Amino acid sequence: MADRLYLRHSTDKQTDARQRHALAPLLAAGTPVYEDPATSSRVLSLYRDGFKQLLDEAAVGDTIRIADAARLFRSVADILALRPVLIRRGLHLRVESGLLSGIDLASNDPGTKMMVSVLAAVLEFQRDMISENTREGVAAAKAGGKTLGRPSALDQEQTVELVEAHREGATVKGLARRYGIAPRTVRRVLDNAGAREVPNDLSALLDDEDQADAATEDQTADLDPVVVVDVPGLVAEHLADAADDAVREALAAGQTIRRGQGYLVRTTAPLSVHKAMIEHSVPALTQSPAGRKAHRIHQGRVDAADRRCP
């Protein structure tokens with residue numbers, strides 16, 4: 001049984017100095033360290049590269065040690081997805097500082113389960129309050145006349161020149177090349193100046209090339225419709241390290257939903273991505289009865305979604 005340290009900070013402007021201070025004795029002893037630098041807490045822990053590596057290398061009985069709970073989870077959905085994985089793998093989770101120090105947060109007793117759920121709700125509330133305060137600060141800055149965001153691509157004189165050129169017949173793409181900006185930036189400048197009339201038929205705004213691209217996209221959407229499938233938690237765990245980027249991204253964007261002692265990930269993705277999930281997960285799932293059951297459920301849900309498609 002070994003200790004494993006996990007560190008995370010949210011942005012590249014932050015450091016893990018405070019975490020390392022709390023974990024100093026363990027670091028001095030050479031305890032393995034796994035990190036997720038500049039990683040938002042909105043990314044569920046099971047989908048972070050550093051933490052996935054920790055889970056891959058951890059053995060039954062190992063203890064994951066963190067400086068504070070918010071480094072690992074900061075939402076109810078995250079801890080509800082995380083705890084069953086830790087319990088199933090026989091891992092322990094301990095916070096090294098504060099009121100929670102000494103408590104195994106991966107313990108399966110009702111008291112710990114309740115305490116962790118309340119803690120996650122408080123941390124989620126704290127994160128939401130930070131976001132709300134940020135939005136209010138941005139609104140106040142705008143009301144005070146401050147300019148936020150990236151600097152404008154064009155100065156005032158260039159903007160006037162661009163609008164006049166468009167009124168004289170210059171095309172959007174031609175203006176984009178002239179000023180070295182993207183076509184969408186040109187359209188935004190023209191829209192802000194009220195220089196574009198939007199017809200009832202929006203396809204009139206597209207040139208022949210754009211219309212061809214749009215037609216191709218429509219055909220692709222018909223061939224590969226986007227559907228919603230509830231992916232069993234055990235399947236999601238096996239797909240966390242899938243080589244297919246589309247599979248990992250779809251699961252990361254999904255909604256984790258608790259179901260009794262387990263959970264599922266409600267995933268919205270093209271049908272081809274759901275079928276790829278089955279292909280990637282079936283070799284590992286068929287090695288155990290629980291895995292085979294999860295595979296059958298997942299396969300049935302994907303097949304049902306496929307039948308519903310026109």
Side-chain angles (χ1 to χ4, degrees), residues 1-98 100-108 112 116 119-120 123-124 127 233-245 247-249 251-254 256 263 265 280-281 284:
M1 295 184 290
D3 290 327
R4 299 180 185 275
L5 308 184
Y6 177 72
L7 296 85
R8 180 192 68 81
H9 54 269
S10 299
T11 71
D12 54 9
K13 294 182 180 179
Q14 298 176 332
T15 71
D16 54 15
R18 184 175 60 84
Q19 298 174 65
R20 289 183 175 275
H21 176 73
L23 300 169
L26 292 163
L27 289 168
T31 306
V33 179
Y34 305 83
E35 299 183 66
D36 279 310
T39 302
S40 170
S41 61
R42 295 188 184 277
V43 178
L44 296 186
S45 53
L46 293 176
Y47 300 123
R48 301 176 198 155
D49 292 338
F51 192 70
K52 287 193 295 183
Q53 182 184 354
L54 187 157
L55 291 178
D56 287 342
E57 298 180 5
V60 174
D62 285 358
T63 299
I64 302 169
R65 298 187 182 273
I66 51 181
D68 65 83
R71 297 307 94 206
L72 184 56
F73 60 87
R74 204 159 191 169
S75 71
V76 175
D78 199 351
I79 192 59
L80 289 180
L82 175 63
R83 270 175 49 84
V85 175
L86 299 181
I87 292 170
R88 235 184 340 260
R89 299 192 180 194
L91 301 176
H92 306 286
L93 174 61
R94 297 185 183 275
V95 179
E96 291 303 300
S97 61
L100 296 175
S101 59
I103 301 175
D104 183 3
L105 299 184
S107 177
N108 201 25
T112 301
V116 170
L119 172 63
L123 292 173
E124 185 171 4
R127 183 185 65 187
L234 186 57
V235 176
E237 288 178 28
H238 283 287
L239 290 171
D241 299 320
D244 192 326
D245 291 342
V247 168
R248 295 199 311 274
E249 290 172 3
L251 287 170
T256 301
Y263 70 99
V265 181
H280 288 300
S281 62

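Quick caveat, the model's predicted, so the values are computed rather than measured.
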Assess whether side-chain contact (heavy atoms from CB on, under 4.5 Å) is satisfied between R18 and D68, documenting all intermediate values. CA-CA 10 Å; R18 184 175 60 84; D68 65 83; 3.2 Å; yes

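- Closest non-hydrogen pair, L46 versus A81, comes out as CD1-O, 3.5 Å.
- Scanning for ring pair (Phe, Tyr, Trp, His ring centres under 6.0 Å) contacts around F73 gives an empty result, with sequence neighbours left out.
- D36 places none of its side-chain heavy atoms less than 4.5 Å from the side chain of V43.
- Of all non-hydrogen atoms in L91 and A106, the two that sit nearest each other are O-CB, 3.5 Å.
- The side chain to side chain contact (heavy atoms under 4.5 Å, CB included) check on E249 picks up D245, with sequence neighbours excluded.
- Looking only at distances, no side-chain donor or acceptor of E35 sits under 3.5 Å from a matching main-chain atom of G50.
- Considering only residues two or more places apart in sequence or on other chains, T31 meets the side chain to side chain donor-acceptor pair (under 3.5 Å) condition with none of them.
- Residues forming a side chain to side chain contact (heavy atoms under 4.5 Å, CB included) with T15 (at least two apart in sequence, or on another chain): A17.
- Y263 and P84 make their closest contact through CD2-CG, 4.5 Å (heavy atoms, listed as atom of the first residue, atom of the second, distance).
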Would you check, one step at a time, whether the test side-chain contact (heavy atoms from CB on, under 4.5 Å) holds for I103 with L105? CA-CA 6 Å; I103 301 175; L105 299 184; 4.1 Å; yes

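- Partners of T256 by side chain to side chain donor-acceptor pair (under 3.5 Å), not counting sequence neighbours: none found.
- Here L27 contributes atom CG and R65 contributes atom CZ; the two are 12.5 Å apart, rounded to the nearest 0.5 Å.
- Residues M1 and V60 approach most closely at CG-O, 4.4 Å, considering heavy atoms.
- Residues Y34 and R4 have side chains that bring a donor and an acceptor to within less than 3.5 angstrom of each other.
- Remark: the backbone N or O of A70 is paired with a side-chain donor or acceptor of R8 at under 3.5 angstrom.
- For the residue pair D244 and H280, the shortest heavy atom distance occurs at CB-NE2, 3.3 Å.
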Where do R83 and N108 land on the side-chain contact (heavy atoms from CB on, under 4.5 Å) test, with the steps shown first? CA-CA 9 Å; R83 270 175 49 84; N108 201 25; 4.1 Å; yes

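- Residue D78 holds its CG atom at 4.5 Å from CG of L44, rounded to the nearest 0.5 Å.
- With rounding to the nearest 0.5 angstrom, the OH atom of Y6 is 10.0 Å from the CG atom of L55.
- Salt bridge status for R94 with D3: absent, with no side-chain N to carboxylate O gap under 4.0 Å.
- Taken to the nearest 0.5 Å, the CZ atom of R71 stands 9.5 Å off from the CG atom of L7.
- Identified under the ring pair (Phe, Tyr, Trp, His ring centres under 6.0 Å) test for residues 74-96, with sequence neighbours left out: none.
- One finds the CD1 atom of I87 at 10.5 Å from the CG atom of L93 (value rounded to the nearest 0.5 Å).
- Atom CG of L72 is separated from atom CD1 of I79 by 6.5 Å, given to the nearest 0.5 angstrom.
- Considering every non-hydrogen atom in both S97 and A67, the closest pair reads OG-O, 2.7 Å.
- No side-chain heavy atom of T39 sits less than 4.5 Å from a side-chain heavy atom of D49.
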